[in-house]
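A short worksheet on the structure shown next.
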Number of protein chains: 2
Amino acid sequence: MRREILDAAWEVARRDGLGGLTLRAVAERVGMRPPSLYTHFAAKHAIYDAMFFQAWQEFDDRSAALELPADPRAALHGIARFYVDFALADLPRHQLMDQRVIPDFTPSPESYAPSVRAMERTVGRFRSLEGVALTEADVDLFVAGVGGVVAAQWSNDPGGDRYTRLLDRLVDLLADDLGLPASPPTPGESP
Amino acid sequence: MRREILDAAWEVARRDGLGGLTLRAVAERVGMRPPSLYTHFAAKHAIYDAMFFQAWQEFDDRSAALELPADPRAALHGIARFYVDFALADLPRHQLMDQRVIPDFTPSPESYAPSVRAMERTVGRFRSLEGVALTEADVDLFVAGVGGVVAAQWSNDPGGDRYTRLLDRLVDLLADDLGLPASPPTPGESP
DNA sequence: GTCTATAAGTCGATAGAC
DNA sequence: GTCTATCGACTTATAGAC
């Protein structure tokens, strides 16, 4: 039932904006009266909180399931592409996860946990790349660059590919800077 | 008077969040009753619209006044630093200019104009850099990279410098990619 | 668990006196 | 131009019947 309510909340957020979410609209979508929602969530912020948890949990789950190539440069491309695809698939989700759009909302420690896990997992993957020793600054620069593609895409060309098509070039730039060797050619790609 | 109301609106937005702006709070700050605001603005969205205009106008004005070094690489650093400083100085202003935080708000054509001018000015400056021919993709990549530093800074370390301190490195990376020569040493900087 | 009823408050916006 | 008065809609949230 909580799951059903959350599904409805995501749909409303996609339709009316994350800040435009109302209990009325959520209740209507699940065929309830607004007060009935309080049986399942203590307050409206608890719904935001559960959404925040759900979003990062899903990101972390999918991140854990992501199989990366052994080649370090190709792995970097994989990480970047995965993040960009996830962040561009759903605007309110992206806003909830990565921006401060809801004035008073701060995620609870329990809901914050999956985001920490996801970040640690990503850093761990960076660190385990063959043949390079990454500093914290290296990871930060990568995060900023890839996040910039997402921000520019949402802001200046939502639904398009004006910035995402530059992602490979950006990642190669960063990889060059880290001294990663060029990826070996994939067998069977050239004629 | 419009100016006074807008000043109050910015203050309220900084205090309560951009989406938390209310006519009541604005009116109280200027010593008016809420309905009196309708003498100066047709609706709440007209205030957002004027704020949007004001923000981009100021950006464009300051951009026009910005003196850049003749050296192309140093000029790139100047452009990047200017944008980052402006975007990090004021969160609601940044959200209004560069994100889609207010569900129903779309800037009017007149208010949109300064942002177009600012973008054209910036592109023009890129194009007039000595010794390189920049493509549209080059500019886009620069915009994404620099915007990423801003986004990461606001999102992960507001008020700090975890990402802004990587800006010079990022710009040099992009400049290298464009084949810009290293900046000549500034006279009198070394002992 | 869901409902009705309702509280208690907010919001943007309008009408009309002064 | 600013005010009072007020509208109508909407908000989150609670109390208590079923």
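Lettering follows sequence order; numbering is per chain, from 1.
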Checklist entry - Which nucleotide in the list dT12(D), dC3(C), dC3(D) gets nearest to the side chain of Arg33(A)? => result dC3(C)

Item to check | Phosphate OP1/OP2 of dT12(D): any His45(A) side-chain N/O under 4.0 Å | outcome: no

Checklist entry - Quick one: which of dT2(C), dA13(D), dA13(C) gets closest to the side chain of Pro35(B)? => result dA13(C)

Checklist entry - Under the 6.0 Å and 45° cation-pi test, does Arg93(A) pair with Phe52(A)? => result no

Item to check | Value in whole Å for how far the P atom of dC11(C) lies from CD1 of Ile102(B) | outcome: 14 Å

Next on the checklist: Output the rounded distance in Å from CG (Leu37(A)) to C1' (dA13(D)).
Outcome noted: 11 Å

Checklist entry - Relative to each other, are the rings of Phe59(B) and Phe82(B) parallel, tilted or perpendicular (30° and 60° limits)? => result tilted

Checklist entry - Contact class for Gly20(B) vs. all strands (heavy atom < 4.0 Å): base, sugar-phosphate, or nothing? => result nothing

Checklist outcome for this item: Rounded to whole Å, CG of Asp104(B) lies from C1' of dG12(C) at a distance of 13 Å

Checklist entry - Touch check for Leu21(B), heavy atoms < 4.0 angstrom, all strands: base, sugar-phosphate only, or nothing? => result sugar-phosphate

Next on the checklist: Nearest to the Met1(B) side chain among dT2(C), dT2(D), dT4(D), which nucleotide is it?
Outcome noted: dT2(D)

Checklist entry - Asp104(B) and His45(B): side-chain hydrogen bond (donor to acceptor under 3.5 Å, both in side chains), yes or no, with the steps? => result CA-CA 9 Å; Asp104(B) 291 330; His45(B) 273 27; 5.1 Å; no

Item to check | Atom pair distance, as rounded to whole Å: NZ in Lys44(A) and C1' in dC10(D) | outcome: 11 Å

Checklist entry - Should Asp140(A) and Arg165(B) count as an ion pair when the cut-off is N to O under 4.0 Å? => result no

Next on the checklist: Counting the atoms with a prime plus P, OP1 and OP2 as sugar-phosphate, which does Pro34(A) contact under 4.0 Å by heavy atoms, base, sugar-phosphate, or nothing?
Outcome noted: nothing

Next on the checklist: Please report the distance, rounded to the nearest Å, between CG in Leu23(B) and P in dT2(D).
Outcome noted: 15 Å

Next on the checklist: dT2(C), OP1 or OP2 - any side-chain N/O from Thr39(A) closer than 4.0 Å?
Outcome noted: no

Item to check | Phosphate-side-chain proximity, Arg24(A) and dC10(D), N/O vs OP1/OP2 below 4.0 Å | outcome: no

Item to check | Per Thr22(B) side chain, nearest of listed nucleotides dA13(D), dG12(C), dT4(D) | outcome: dG12(C)

Checklist outcome for this item: Whole-Å distance, Tyr38(B) OH to dT14(C) C1', equals 9 Å

Checklist entry - Just how far, in rounded Å, is P of dG12(C) from CE of Met32(B)? => result 16 Å

Checklist entry - Are Ser36(B) and dG1(D) close enough that a side-chain N or O sits under 4.0 Å from OP1 or OP2? => result no

Next on the checklist: Is there a continuous path of hydrophobic side-chain contacts, each under 4.5 Å between heavy atoms, that joins Phe53(A) to Met97(A)?
Outcome noted: no

Checklist entry - Between dG12(C) atom P and Ile47(B) atom CD1, what is the distance in whole Å? => result 9 Å

